[in-house]
Participant: 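Okay, here's the structure, questions in a sec.
Proteins come first, then strands; the chains are lettered A, B, ... in the order of their sequence lines, and each starts at number 1.
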Protein chains: 2
Amino acid sequence: MAVAGGGTTGARYRRLAADLREAIATGAYGADGRLPSEEKLAQQYGVSRGTVRQALAVLRANGLVTSRRGTRRVVLGTARTQSFFELLSFTRWARSLGEEPGSRTIGIERRPAEPLECEQLGLAPGSQIYRVLRLRTLSRVPIMVERTLYPERIGALIKRLDPHAISHTDPLAEEGVVFADTEHTIDLVYADADDTRLLGCAPDAPLMRERRRATDQAGRPLMWSDDRFVPGTIAFTVHNSVATTALSRRRG
Amino acid sequence: MAVAGGGTTGARYRRLAADLREAIATGAYGADGRLPSEEKLAQQYGVSRGTVRQALAVLRANGLVTSRRGTRRVVLGTARTQSFFELLSFTRWARSLGEEPGSRTIGIERRPAEPLECEQLGLAPGSQIYRVLRLRTLSRVPIMVERTLYPERIGALIKRLDPHAISHTDPLAEEGVVFADTEHTIDLVYADADDTRLLGCAPDAPLMRERRRATDQAGRPLMWSDDRFVPGTIAFTVHNSVATTALSRRRG
DNA sequence: CAGTGGTCTAGACCACGTG
DNA sequence: ACGTGGTCTAGACCACTGA
């Protein structure tokens, strides 16, 4: 029996999913082609049907294949969705595009949280928070202004980082601070004085705003951020079906 | 043994998911509370652990609960995510907000598809398509301009509809045309002449654009739409985790 | 009608978090 | 050490699609 070739790390269904994704990208099943039946795949890879279904559920969630009772699964397209980590971190997102991410920290301040901020971060009234203001660039071009709030515990870690550090997410992960869930809200705002100065845009110019609220695995808030992008530099794409949904960012 | 109370329709895990969602919304497990273990739930509802896990996967995907090896699941919040159908249809979305959706069809034309359009709709070059231009309102206030392309087969159905019909999605569903998968792309554009005239905004005013491409269950393209919203009237929210993602629209 | 994916069960072992 | 969720298996029946 065949063995999933995607390495020996992690769960079998993940390796199998990676394998199938690869096979689809290579065109092994052709565009608009039909996948082998679950039973057949189970035999080919020497796993149970349950494991095959788990792997296919991943591809389904990423919008790679259809699934419908009575018919074999159909290939919809090649992988477009980014990993959760590319989504969460500007740095990883930029690198996955082959662009050079840059960061300039404009300021870090520690101050008492306002009521709304307390609520968003799940803190007791009057708790101390850190606020970080950064300008993010793509191949040296200013792209986004990032205003991030952290509870004191996390902010203290950020404060200790090299001011020139490009990624904040990675060092935090090394400290065991893991963003497990994130809620994104996307809307349109007009540039304020800081935005204008940092991005070099006109006063009141329209910007795409992405607000991100992240929690750890236990559901405790870790971060709340307000990111404003120059229009034309980014687009958000979401794939959804009756079953699931997947978000990604793209260059606009 | 207890029986899932959410009706007797559909799969058990769906009824169970609805039941648990309800229980969470009612606060039966308290905010920040912990859910019973999977084993316990299986006993309570008289189903197997597998079925419980399937139900919980739905709640997980909607960002309602955490999931983490070693600890009980934690309630993150009450249901915010909309159903796939509310997401797809402006009409259903509006109604779920308690607003009165309105529609004015500005024009329907039948013409040969341009190359890009052929590609997006998966049609042979030169195929005929329908293009529908509509103004959508919320409680009589113009909110969005919708430009939709349909392949000939679907467009012919649209053309037969009552010009005053508010929803196009519902009548199509009755004809057996079901949108199973949709890809959304969100970015920022500037109002053209039509947008300006219909929405009553300034020329070149910034608008939020949502482009939607829908396919049927077999992966065949059914629709391609360019929707432009007045800023401040809508925000897109996406919840995502290492596992899954869920999109919804909100009033801005 | 045969093939396929959707649902469900019962049981097993493991990895992780917490007390 | 124990309880919990994560993974995997083997087998069963059903609902739907398409020839």
Participant: Can A:Thr185 and A:Arg211 be counted as having a side-chain donor-acceptor contact under 3.5 angstrom?
Facilitator: no
Participant: Tell me which of A:Ser48 and B:Arg73 sits closer to the 5' end of DNA chain D, going by the nucleotide each one is nearest to.
Facilitator: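 Its nucleotide being nearer the 5' end, the pick is B:Arg73.
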Participant: Is it true that A:Arg220 and A:Thr215 share a donor-acceptor pair across their side chains at a distance under 3.5 Å?
Facilitator: no
Participant: Specify the separation, in whole Å, of atom CD of A:Gln217 and atom P of C:dG17.
Facilitator: 7 Å
Participant: Would you say the side chains of B:Gln120 and B:Arg213 form a donor-acceptor pair under 3.5 Å?
Facilitator: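 Present: a donor and an acceptor within the cut-off.
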Participant: Taking atom types as modelled, is there a side-chain donor on A:Ser67 or A:Arg60 under 3.5 Å from an acceptor on the other?
Facilitator: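 Yes, side-chain donor-acceptor contact under 3.5 Å.
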Participant: Determine the contact category for B:Arg68: base if any of its heavy atoms lies under 4.0 Å from a base atom, sugar-phosphate if only primed atoms, P, OP1 or OP2 are that close, otherwise nothing.
Facilitator: sugar-phosphate
Participant: In terms of side-chain heavy atoms, does B:Arg73 have a donor or acceptor partner in B:Thr66 at a distance below 3.5 Å?
Facilitator: no
Participant: Could you give the NZ-to-C1' distance, from A:Lys40 to C:dA2, as a whole number of Å?
Facilitator: 14 Å
Participant: Would you say the side chains of A:His239 and A:Asn62 form a donor-acceptor pair under 3.5 Å?
Facilitator: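 Distance-only check fails for A:His239 and A:Asn62.
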Participant: Need two values: the first and the last nucleotide of DNA chain D, 5' to 3', having an atom under 4.0 Å from any heavy-atom of chain A.
Facilitator: D:dT7 to D:dG18
